[in-house]
Amino acid sequence: MKQFYAQLVVVVVSSLLAGPTLAASVLNTGSSAVVIVVVEEGTRTEISLDAGGSDTICASGCFLTLPNGDRIGLTGEETVEIKDGIATIK
């Protein structure tokens with residue numbers, strides 16, 4: 001039983017020391033669907049967002065390619081709003 005509690009303490013302390021997980025969010029405020037490309041840790045993913053749709057991306061930083069071809073580097077703390085292919089980063 002002591003071993004169980006010792007392992008539990010290690011897990012809890014490790015979680016606290018690791019800090020919060022950050023992730024960027026992206027929101028399509030335009031009137032039509034958009035497709036964005038996310039490259040995170042070498043993995044390329046296409047994400048389709050309907051009008052008014054949103055998603056959480058980039059837990060460890062990434063590059064985001066917008067519908068108009070612009071490429072943006074994100075750290076994972078941003079909120080990106082896309083309207084008619086143009087991005088605003090907050």
| field | Any donor-acceptor N/O pair, N28 side chain to D50 backbone, under 3.5 Å | value | yes
| message | Test of understanding: with side-chain contact (heavy atoms from CB on, under 4.5 Å), list the residues that count as partners of T29, not counting sequence neighbours. | response | L27, E81, K83
| request: Evaluate the side-chain proximity of D55 to S25: yes if any heavy-atom separation is below 4.5 Å, no if none is. | output: no
| task | State plainly whether one hydrophobic cluster holds both I89 and V26, where clusters connect Ile, Leu, Val, Met, Phe, Trp and Tyr through side-chain heavy atoms under 4.5 angstrom apart. | result | yes
| task | Taking side-chain contact (heavy atoms from CB on, under 4.5 Å) as the test, write out the residues that go with D70, two or more places apart. | result | L66, N68
| request: Working to the nearest 0.5 Å, report the span between CD1 of I82 and CG of L49. | output: 6.0 Å
| remark: Closest non-hydrogen atoms of A87 and I72, given as atom of the first, atom of the second and distance, are CB-CD1, 4.0 Å
| remark: Only residue of V80, I47, T45 satisfying side-chain contact (heavy atoms from CB on, under 4.5 Å) with I57 is I47
| said: If you compare all heavy atoms of S32 against all heavy atoms of A51, which two are closest, and at what distance to 0.1 Å? | reply: N-CB, 3.9 Å
Can you give the donor-acceptor pairs under 3.5 Å from side chains of residues 37-44 to other protein atoms, not counting sequence neighbours?
residue, atom, partner, partner atom, Å
E40, OE2, A59, N, 3.0
E40, OE2, S60, N, 3.0
E40, OE2, S60, OG, 3.2
E41, OE2, S60, OG, 3.0
R44, NH1, E46, OE2, 3.3

